[in-house]
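Here is the structure we will look at.
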Amino acid sequence: MDDLKTIDLLTELVSRLLSPTNPSQSDLSRSLSFATRLLSSRLSPSLSQDENAMAESIKRDLAVSGRSSDALTFSDLHSKLVARSSLPGGVQNRWALLYLLKSLSGRRSYSSGGLPSLPLENYNPNSNSASQNSTRKKNLGLGSGVLHISKDPENVRQNALREYSVLVMDDNEVEESALVRDVLYACQGIDGRYVNFRSLNGVDGYDLPDSLTLPRSTRTIVRKLCEIGWLYKKVKGFIDESTSKIPSEEVGTVGQAFCSALNDELTDYYKLLAVLESHSMNPIPTPGSDSGLQGNYLSLRRLDVWLAEPTVRMRLMAVLVDGCRGLKGGAMVGAIHRHAKHGDPLVQDFMGRLLIRVCSPLFEMVRSWVLEGELEDIFSEFFIVGQQVKVESLWQEGYRIEPAMLPSFISPTLAQRIFRTGKSINFLRVCCDDSGWAAAAADAAAHVGTSTSRWGLGYGQIDALEALVIEAAKRIDSHLMDVIHKRYRFKDHCLAIKRYLLLGQGDFVQYLMDIVGPELSEPANTISAFQLAGLLEASVRASNAQYDDRDILDRLKVKMMDYSDGDRGWDVFSLEYDAGMPLDTVFTASVMKRYLKIFNYLWKLKRVEHALTTIWKTMKPNCIVKSIIAKEGFVSILRKCQVIWNEMNHFVTNFQDYIMFEVLEVSWAQFSDEMESSKDLDDLLSAHERYLESIVEKSLLGERSSTLRASLFRLFEVILRFRSHADRWFERIYELQSRGKAESKPKSKERGQRLEGAGKAMTQLAGELFHKMGEDLDQIAKDYSNSLDIFIKQLPLQQHVDLKFLFFRLDFTEYYSCRK
């Protein structure tokens, strides 16, 4: 208020307000002093500075009090004031002026016509408290609940606040500075003189004793402020407990990073407490005193403001501590990440800062796995787990994903890519003895602009991580496919298995069947595997198989399965193919067992076909019909035998064509297409699995075709029984024929008589043989017809469409349907 013009205007205003009462010079001075102190006050009204709203409020008050003419006059004066404000020297702060006038009008005493003042005549600071309190209550009208304002304007505000402070001290047994000090102790987890940590009915926390005399509001704010101490105690306890276990699998590197991040946050918290401690050393000014108003003192309410934001952070840390207790690695990261999706910017900033620290070990594990194939997981924290397995089982069983350790911000699809990329690197390094993956990984990192150095990735860079994983997976898988197809000739080995184990090399199979047949007819315990290996080599040299790559032929070997009493060589003979490393990842032991099962099935079918061919060669009807024996009813027996053979040959030929063309060739064509389009080893394994599954299902080797397969094997048994009987029959016929030729040239009459008797005996033997053959043929024909009918009836019931087509192939002329 140093502006002389303002002082002159204020003096004129006070004089005009007091002019109706003819004030003395002392009254004018006191009123001017009061007005000056009022205008110099730093207190501001808690109202929005809206000039129009204030003007409308004044007009409304005038209208309500019945002074409508004054309201119109005020409106006119306000309009003129607004118009002149734009001129030089005009009033700019019009709202403050209107607010002052409204306040003065509301506080004006019309009975006295002067300005209000406070009665300070009876106040004596040096009087005793009791007499002063009674006097103060009398003067202030506290007994009646009405506050009377005197006319004394001197030190009104300070004296009123001083009186208030005395009243407050009467209700407080403890000074506020002592409570502030104890609250600061509680914030550090330390018991103070008044504020102590206690537990009651299972609820613990810092609180004041009930014996202290304190206002309810003071107890409430102390409890509120001490919450941060309870939270600090929980967070600090978790850090100390975890730190005492380091190094330990219970904590791990992620847990260590979490504790380190919490310690950093507590360090900032300690710095704040140090600042507050220094502020608490300054005395708290009493109400109505000007001392200390500009100082950095610390009251409970100021402390509440200081601790508002740290309490939010400490509360969040306590929630994280409770959620992470007992967790480690990726599971801990996932639990922390769940609290990051928050709308409060303070919480978002805090969680982002914390997660960058916590996730750094996890992202380093991902980087090391994707670009180097190294599993740096000492404490089992990574979501990829390695296992000690054989080299040939490295791809299928060497590694697995642990779902419990997979953070929520890494999708299952991305996790699978990460998993396969590192697994491909290890497969190339361990199984293929290849180092080309390093260049592919470096090129992938350079392509996406990501550093290959340690700690190059972190939380919040999920898009960069995904781009790196996708590019690295594409390049490394492409390199792996090149190694498998070009260096290890995967397709050539698959084709060799098809030709030799699946009997696709016809001339080789036929020659092998011819030369090993006599050996395999012997008991299984008398057969030499070395001799069969020599016969296998002879079959290779005698067929077009001799032109195959020597490396492929050397992998083909004879395998004798376990046998039991009564087994023949046909029951235990098989071939095996050793693909070697790294192709045994595809051709595993279980896969080769399935190939062995298919080989035994196809070998049995080839044996049946070979048996029918042998029967046809054995019959030689032209030679037999010319003999004398043929005249004794053999022609009809021979015709019946040929009819049965034709029917068996029709079934076997059609069934074998179905297996070779509809099953093996179609499945191979599909597998070849899928093999060429495979982008990674998993795709190749899946394609090969579908190839094997297709052969098994279409060939009646599946679980759903077990009944039909049993019927088929009964048909094979009948055909082999027919071949066994035919061998014995024709062996006996040829024997009788030879004897008849030897005895058909008599040299004397006496001998002729003997020959005539012998001829009758031979005729009798031939008749008995033919009769026996007829009976056996009838039984074989009956058994075959029954078995075939059962097989034909079961075909339409099969679910696979190709098996239904087999029924159409076998019954193309509807012969069997009509026979039913």
Side-chain angles (χ1 to χ4, degrees), residues 501-504 570-571 574 593-613 615 640-641 643-668 670 689-725 776-820:
L501 295 192
L502 302 185
L503 309 183
W570 293 104
D571 301 319
S574 65
K593 285 182 180 179
R594 297 170 71 182
Y595 272 118
L596 178 60
K597 182 179 180 181
I598 298 173
F599 171 82
N600 291 332
Y601 176 74
L602 298 178
W603 183 251
K604 186 173 293 187
L605 178 59
K606 284 290 184 181
R607 179 190 175 189
V608 171
E609 181 197 21
H610 187 265
L612 290 175
T613 304
I615 293 174
K640 183 182 297 186
C641 187
V643 169
I644 295 175
W645 182 89
N646 285 328
E647 189 171 350
M648 291 179 175
N649 185 66
H650 170 266
F651 172 77
V652 172
T653 301
N654 280 278
F655 188 77
Q656 186 176 16
D657 289 345
Y658 162 76
I659 293 294
M660 292 299 171
F661 299 109
E662 302 297 334
V663 177
L664 298 180
E665 291 300 329
V666 172
S667 299
W668 171 257
Q670 295 175 350
E689 178 65 24
R690 288 191 294 271
Y691 169 62
L692 266 182
E693 190 65 26
S694 174
I695 294 175
V696 169
E697 288 297 326
K698 294 180 181 180
S699 300
L700 310 181
L701 294 175
E703 294 294 333
R704 295 180 298 180
S705 304
S706 58
T707 305
L708 187 61
R709 183 171 65 252
S711 301
L712 178 65
F713 286 166
R714 283 196 292 270
L715 280 172
F716 289 169
E717 291 173 0
V718 173
I719 294 174
L720 293 177
R721 181 152 56 93
F722 175 54
R723 186 263 172 93
S724 177
H725 280 69
D776 291 342
L777 282 174
D778 290 340
Q779 185 62 41
I780 290 174
K782 181 180 178 181
D783 293 344
Y784 178 78
S785 179
N786 292 336
S787 299
L788 183 61
D789 288 342
I790 294 174
F791 183 82
I792 294 294
K793 289 178 181 179
Q794 291 176 345
L795 274 179
L797 303 179
Q798 301 304 308
Q799 297 182 358
H800 205 288
V801 64
D802 287 340
L803 294 178
K804 296 180 180 180
F805 179 75
L806 174 61
F807 172 76
F808 173 74
R809 177 189 283 271
L810 294 175
D811 197 24
F812 181 78
T813 61
E814 298 184 356
Y815 169 77
Y816 297 108
S817 300
C818 295
R819 191 171 67 175
K820 293 178 185 178

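The shown structure was predicted, so the numbers you read here are calculated from the model rather than taken from an experiment. Worth knowing before you read on, the calculation uses all heavy atoms, side chains too, and leaves out hydrogens, waters and symmetry mates. Heads up: numbering here begins at 1 and tracks the sequence.
Taken to the nearest 0.5 Å, the OG atom of Ser699 stands 6.5 Å off from the CG atom of Leu602. Distance check, rounded to the nearest 0.5 Å: OG of Ser785 to CD1 of Ile780 gives 13.5 Å. Note that CG of Leu501 is 7.0 Å distant from CZ of Phe599, once rounded to the nearest 0.5 Å. In this structure, CG on Leu712 lies 12.5 Å from OG1 on Thr707, to the nearest 0.5 angstrom. The line from NE2 of His725 to CG of Asp776 is 4.5 Å long, rounded to the nearest 0.5 Å. Considering CG of Leu700 and CD1 of Ile659, their distance stands at 6.0 Å, rounded to 0.5 Å.
Relative orientation of the Phe655 and Tyr658 rings is tilted, given thresholds of 30° and 60° on the angle between their planes. Ring geometry for His610 versus Trp570: interplanar angle of 30 to 60°, hence tilted.
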Determine, step by step, whether Arg594 and Ile695 satisfy the side-chain contact (heavy atoms from CB on, under 4.5 Å) criterion, reporting the C-alpha distance in whole Å, the side-chain angles of both residues, the deciding distance to 0.1 Å, and the verdict.
CA-CA 10 Å; Arg594 297 170 71 182; Ile695 294 175; over 6 Å; no
After noting the C-alpha distance and the side-chain angles of Glu693 and Arg690, does the key distance pass the salt bridge (charged side-chain N to carboxylate O under 4.0 Å, His left out) rule?
CA-CA 5 Å; Glu693 190 65 26; Arg690 288 191 294 271; over 6 Å; no
Does the pair Arg607 and Leu720 meet the rule for a side-chain contact (heavy atoms from CB on, under 4.5 Å), with working shown?
CA-CA 9 Å; Arg607 179 190 175 189; Leu720 293 177; 3.8 Å; yes
Can you check side-chain contact (heavy atoms from CB on, under 4.5 Å) on Tyr595 and Leu502, steps first, answer last?
CA-CA 8 Å; Tyr595 272 118; Leu502 302 185; 4.1 Å; yes
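Taking the side chain to side chain contact (heavy atoms under 4.5 Å, CB included) definition, one finds that Asn646 meets it with nothing, sequence neighbours left out.
Judged by distance alone, with hydrogens and angles left aside, the side-chain atoms of Arg709 form no donor-acceptor pair with the main-chain N or O of Arg704 at under 3.5 Å. Ser667 places a side-chain N or O within donor-acceptor distance of the main-chain N or O of Val663, the cut-off being under 3.5 Å. A distance-only check finds a donor-acceptor pair linking the side chain of Trp645 to the backbone of Leu612 [under 3.5 Å]. Judged purely by atom type and a 3.5 angstrom limit, Thr613 uses its side chain to pair as donor or acceptor with the backbone of Glu609.
In this structure, Lys604 forms a cation-pi arrangement with Phe713, its terminal cationic atom sitting closer than 6.0 Å to the ring centre and no more than 45° off the ring axis.
No hydrogens or angles considered: a donor-acceptor pair under 3.5 Å links the side chains of Gln794 and Ser711.
Across Lys698 and Glu662, no two heavy atoms sit closer than the pair NZ-O, 4.0 Å. Residues Lys597 and Leu701 approach most closely at NZ-O, 3.4 Å, considering heavy atoms. Minimum interatomic distance between Leu715 and Leu788 (heavy atoms only, all atoms of both residues): CD2-N, 3.5 Å. Considering all non-hydrogen atoms of both residues, Gln656 and Leu605 come closest at CA-CD2, 3.9 Å. Considering every non-hydrogen atom in both Cys641 and Phe722, the closest pair reads SG-CZ, 3.5 Å. Nearest approach of Ile644 to Leu777, heavy atoms of both residues: CD1-O, 3.6 Å.
Pairs passing the salt bridge (Lys or Arg N to Asp or Glu O under 4.0 Å) check and including a residue from residues 711-725, sequence neighbours excluded, read Arg721-Asp783, Arg723-Asp727.
Atom NZ of Lys782 sits in a sparse spot, with 12 or fewer heavy atoms from other residues, nucleotides or ligands closer than 6.0 Å.
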